[in-house]
Amino acid sequence: MAQLEQFTTPVHTVVSRMRALEATLPERDGVAVFNRVYLTVTEEIDRRLDAGEFPDPGAAVTLDVRFAERYLTVAEEGCPPACWRPLLQFRRHPGVLPLQFALAGVNAHVGHDLALAVVDTCRALGCEPADLEDEFERVGDLLVSLEERVREDLMPGPDLLEVADPLTHLLGAWSLERARDAGWSAARTLWALRGLSGLAREFEDRLDAAVGLTGRMMLTPLGDRTGHCGR
């Protein structure tokens, strides 16, 4: 596999772009909420790379950057696939809570973008998905460990108890760990279909639509800042 110095878009450049987005977006904007979560993840990946915690740092950098680029293209250019459209459409809705924004972004990015990033990385490095499994698992484990903290930090406080139960019900059916496992299966399927462009494109489109539908349900308005239902 290629060495770190061969990459022209290192992780710290991705971090800089996310910080630049953070500086330009309103605090409660739905994309801003997800961006803060993703920035935390990417900074931690950068720290672990510097600490030598990835067995193949070149593969880890490529996967992380290809993964991040798919989100950054949406955030910076506003040309979203179906999986990102609900978040962009509802990003300023007063009845959608920050936790919903955060997890809807994670759903789009892990449920759809991660599989495509694995395929992109395999093509770039001339390897098979199995060669990236360790890096995939380490990044996935970091995301899963962060999910619980995100839920705790962004769950409405006692002043919004009337929306806490429906929020728990709405988001309780979604699991990042299951989404990660499904993303790995999707990546392997797309790689197996790489010589059948029509079928690969159909599979990708259906994956995109299914993840988008999940995201739309996750963004069901539950209440504004006073706890009343949003319009």
Side-chain angles (χ1 to χ4, degrees), residues 14 17-18 20-22 24-39 41-42 65-120 143 146-147 150-151 154 163 166-167 169-176 178-187 189-190 197-224 229-231:
V14 168
R17 290 167 67 185
M18 291 181 188
L21 276 170
E22 183 178 29
T24 62
L25 294 172
E27 182 179 358
R28 201 185 178 281
D29 179 280
V31 176
V33 173
F34 170 72
N35 190 77
R36 287 193 292 274
V37 171
Y38 195 22
L39 176 58
V41 172
T42 308
V65 170
R66 300 282 174 144
F67 188 31
E69 283 286 351
R70 289 191 171 272
Y71 156 67
L72 288 168
T73 297
V74 171
E76 294 172 347
E77 301 177 15
C79 300
C83 62
W84 282 103
R85 286 175 202 154
L87 181 56
L88 294 188
Q89 291 169 354
F90 284 80
R91 63 192 294 178
R92 296 182 181 88
H93 197 297
V96 180
L97 300 167
L99 178 57
Q100 293 175 266
F101 287 135
L103 294 186
V106 173
N107 169 68
H109 202 39
V110 173
H112 174 265
D113 295 351
L114 186 53
L116 274 60
V118 170
V119 172
D120 290 344
L143 288 166
L146 182 69
E147 181 192 12
V150 169
R151 288 180 185 264
L154 297 181
V163 300
L167 179 63
H169 177 75
L170 179 66
L171 298 180
W174 183 85
S175 161
L176 175 53
R178 288 197 298 269
R180 180 189 66 174
D181 291 344
W184 180 246
S185 296
T189 300
L190 283 168
S197 59
L199 281 176
R201 184 64 198 175
E202 180 179 348
F203 180 86
E204 183 180 331
D205 287 346
R206 291 182 183 276
L207 175 67
D208 188 18
V211 173
L213 179 60
T214 300
R216 173 62 186 85
M217 290 187 289
M218 294 171 81
L219 292 170
T220 299
L222 294 175
D224 59 23
C229 293
R231 292 183 178 273

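- Smallest separation of non-hydrogen atoms from Q100 and T220: NE2-O, 2.7 Å.
- R66 places no side-chain N or O within 3.5 Å of a backbone atom of V119 that could act as its donor or acceptor partner.
- By the side chain to side chain donor-acceptor pair (under 3.5 Å) test, R70 pairs with D120, sequence neighbours left out.
- We find the CG-CG distance between L116 and L207 to be 7.5 Å, quoted to the nearest 0.5 Å.
- Y71 is linked by a ring-ring contact (aromatic ring centres under 6.0 Å, His included) to F34, Y38, W84, counting only residues two or more places apart in sequence or in another chain.
- Residues that satisfy the ring-ring contact (aromatic ring centres under 6.0 Å, His included) test with F90, not counting sequence neighbours, are H93.
- Minimum heavy-atom separation, P86 to G212: CG-O, 3.4 Å.
- Residues L21 and L72 form a side-chain contact, since some pair of their non-hydrogen atoms from C-beta on lies under 4.5 Å apart.
- When every heavy atom of P80 is checked against every heavy atom of L88, the shortest pair comes out as CG-CD1, 3.5 Å.
- In this view, E202 and R206 satisfy the side chain to side chain donor-acceptor pair (under 3.5 Å) rule, not counting sequence neighbours.
- Within the 4.5 Å cutoff, side-chain heavy atoms of V74 are placed close to those of P81.
- Partners of A182 according to the side-chain contact (heavy atoms from CB on, under 4.5 Å) rule, which considers only residues two or more places apart in sequence or in another chain, do not exist here.
- Residues L219 and V96 approach most closely at O-CG2, 3.4 Å, considering heavy atoms.
- None of N107, L213, D208 except one satisfies the side-chain contact (heavy atoms from CB on, under 4.5 Å) rule with C83; the exception is D208.
- By the side chain to side chain donor-acceptor pair (under 3.5 Å) test, R180 is found to be paired with D141, residues two or more places apart in sequence or in another chain being considered.
- Residues satisfying the salt bridge (Lys or Arg N to Asp or Glu O under 4.0 Å) test with R92, not counting sequence neighbours, are D29.
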| task | Go through the steps for R85 and R216 under the test side chain to side chain contact (heavy atoms under 4.5 Å, CB included), then give the verdict. | result | CA-CA 8 Å; R85 286 175 202 154; R216 173 62 186 85; over 6 Å; no

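- No side-chain heavy atom of W184 sits less than 4.5 Å from a side-chain heavy atom of L114.
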| task | Could you give me the CA-CA distance, side-chain angles and deciding distance for V118 and L190, then say whether side chain to side chain contact (heavy atoms under 4.5 Å, CB included) is met? | result | CA-CA 9 Å; V118 170; L190 283 168; over 6 Å; no

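- D205 meets the salt bridge (Lys or Arg N to Asp or Glu O under 4.0 Å) test with R201; sequence neighbours excluded.
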| task | Starting from the C-alpha separation in whole Å, work towards a yes-or-no answer on side chain to side chain contact (heavy atoms under 4.5 Å, CB included) for F101 and R28. | result | CA-CA 9 Å; F101 287 135; R28 201 185 178 281; 3.9 Å; yes

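- Taking S185 as the reference, nothing meets the side-chain contact (heavy atoms from CB on, under 4.5 Å) condition, with sequence neighbours excluded.
- In this structure A102 satisfies the side-chain contact (heavy atoms from CB on, under 4.5 Å) test together with V33, V37, V150, L154, sequence neighbours excluded.
- Here the NE2 atom belonging to H109 is positioned 12.0 Å from the CG atom belonging to L87, to the nearest 0.5 angstrom.
- When atom types are taken as modelled, the side chain of E22 and the backbone of N35 share no donor-acceptor pair closer than 3.5 angstrom.
- For E76, the salt bridge (Lys or Arg N to Asp or Glu O under 4.0 Å) partners are R17, not counting sequence neighbours.
- Pairing each heavy atom of M18 with each of A68, the nearest pair is CE-CB, 4.1 Å.
- Residues A104 and M218 approach most closely at N-CE, 3.8 Å, considering heavy atoms.
- Scanning for side-chain contact (heavy atoms from CB on, under 4.5 Å) contacts around R178 gives S175, with sequence neighbours left out.
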